[in-house]
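See below for the structure under consideration.
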There are 2 protein chains.
Amino acid sequence: MPDPQPSLDEQIAIYQREYRDLDPQVERVVNALSRLDRRMSVAYGRQLATLGLSGAEWEVLKELVMVGSPYQLWPGTIAKRLGLTPAAMTHRIDRMLAAGLVTRERDEENRVRVIVGLTDEGREKWLQVMRQASAFEEYLLQDLNNEERAQLGDLLIRLLDRVSTHLD
Amino acid sequence: MPDPQPSLDEQIAIYQREYRDLDPQVERVVNALSRLDRRMSVAYGRQLATLGLSGAEWEVLKELVMVGSPYQLWPGTIAKRLGLTPAAMTHRIDRMLAAGLVTRERDEENRVRVIVGLTDEGREKWLQVMRQASAFEEYLLQDLNNEERAQLGDLLIRLLDRVSTHLD
DNA sequence: GCTGAAGACTTCAACTCTAAACTTCGAAGC
DNA sequence: GCTTCGAAGTTTAGAGTTGAAGTCTTCAGC
């Protein structure tokens, strides 16, 4: 009963023993992807913590910045993009409101709706995170030359297109 | 205030406007990675649901199979590998015990420890999921030829090594 | 052998998310 | 105009996770 996690190759070797019809090459890609994403999440999480931000807050800040000035979105839209229920959005915004990261007001053109906006403090937090994150990302990719980076990007986008059409 | 998510390129263009010192090529790789992983998680989640399994249960089954026969692990080890607290592990095992997927007994060689083992039903569930999942993964990679698959795997593993040393 | 300290799991309270019922507003149909 | 239906958010109850405190076991020092 070992404590350290088996290496990717060990893992795939065991999978093949347990289930013969497995393509090792496919498995190598898929499992590397999920391991990589999990560890990157851990790394990002640590960085966020040093800035006093939770992962949940960071996700919302990103969406608000991503629409560009004047940095406004409806809660339902944010919820959809993050894969959350509207109820979860309500609570997140409550907390971020208390932290001074966002504003919330009724949409006067359609009073059913609510408008969530970014505060200056929220925008400043986003910038701080981006400065840290881009340094980390550059570190992450330092072993890859420009050609390899482009290649990797292309391959990932082809998978992304495929999975996107699958989900529709 | 748009409802659809911006494309990857649109997103990066906006990020660059908001924060000039950003390398678009790096950003392209990193954001494609996270989008891809999120959507794959949604796809896997749907598949699991059709088999009456939760993502949490699937994670634990994977770890147990991954150590090979006799499919036993200590709760603390599983918790570490999944990035959970021991408390969460206790509750997960409670539920999986009730579902008949695992067993739990004291380790007689060291009575502080507990041994979690896989039941035949748990092993069967793992196989069912793998059959579905490998079909999906083959679909996901269908646009890539063998050379591209190998390339992608290699590049991902180089990133994986990098982030792993970073976390130590 | 006894005692104190450390390790592994469990218990408990607080927090976050989901699902479902509820409230409010706007738009159609009559 | 009044009613009904649908859309957007909020509220509430229940499930899962975390962090801290608690319990039980082992081991080292005496």
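Computed from a prediction, not measured in an experiment: that's the story for all the values here.
- Salt-bridge annotation for B/Arg92 and B/Glu59: present, with a side-chain N of the basic residue lying under 4.0 Å from a carboxylate O of the acidic one.
- Within the nucleic acid shown, A/Gly83 comes within 4.0 Å of sugar-phosphate atoms alone, with no base atom in reach, counting heavy atoms only.
- Applying the salt bridge (Lys or Arg N to Asp or Glu O under 4.0 Å) test between B/Glu18 and each of A/Lys62, A/Arg131, A/Arg123 identifies A/Arg123 as the sole match.
- Spacing between atom CG of A/Asp107 and atom P of D/dA7 amounts to 18 Å, rounded to whole angstrom units.
- Atom C1' of nucleotide C/dG26 and atom CD of A/Glu108 are separated by 14 Å, given to the nearest angstrom.
- The main-chain N or O of A/Leu22 is never found under 3.5 Å from a side-chain atom of B/Ser134 such that the two would form a donor-acceptor pair.
- In summary, the side chains of B/Glu137 and B/Tyr44 do present a donor paired with an acceptor at a separation below 3.5 Å, with no hydrogens or angles considered.
- Between A/Thr119 atom OG1 and A/Leu97 atom CG the span is 9.5 Å, to the nearest 0.5 Å.
- In this structure, B/Arg111 atom CZ and D/dC27 atom P are separated by 13 Å, rounded to whole Å.
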_Where protein sits on nucleotides 9-17 of chain D, one letter per nucleotide: B base, S sugar-phosphate only, - none, heavy atoms under 4.0 Å_ = SBBB---SB
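- Ion pair A/Asp37/B/Arg38 not flagged as a salt bridge, since none of the NZ, NE, NH1 or NH2 atoms sits closer than 4.0 Å to an Asp/Glu carboxylate oxygen.
- With B/Arg162 contributing its side chain and A/Leu141 its backbone, the two residues share no donor-acceptor pair below 3.5 Å.
- The distance from atom CD1 of B/Ile78 to atom C1' of C/dC9 is 13 Å, rounded to the nearest whole Å.
- A rotation axis mapping the C1' atoms of four pairs onto the next four is fitted at both ends of the helix from C/dG1-D/dC30 to C/dC30-D/dG1 over five pairs, and the angle between these axes is 0° to 10 degrees.
- The side chain to side chain contact (heavy atoms under 4.5 Å, CB included) test with B/Asp107 is passed by exactly one of B/Arg111, B/Glu109, B/Glu105: B/Glu109.
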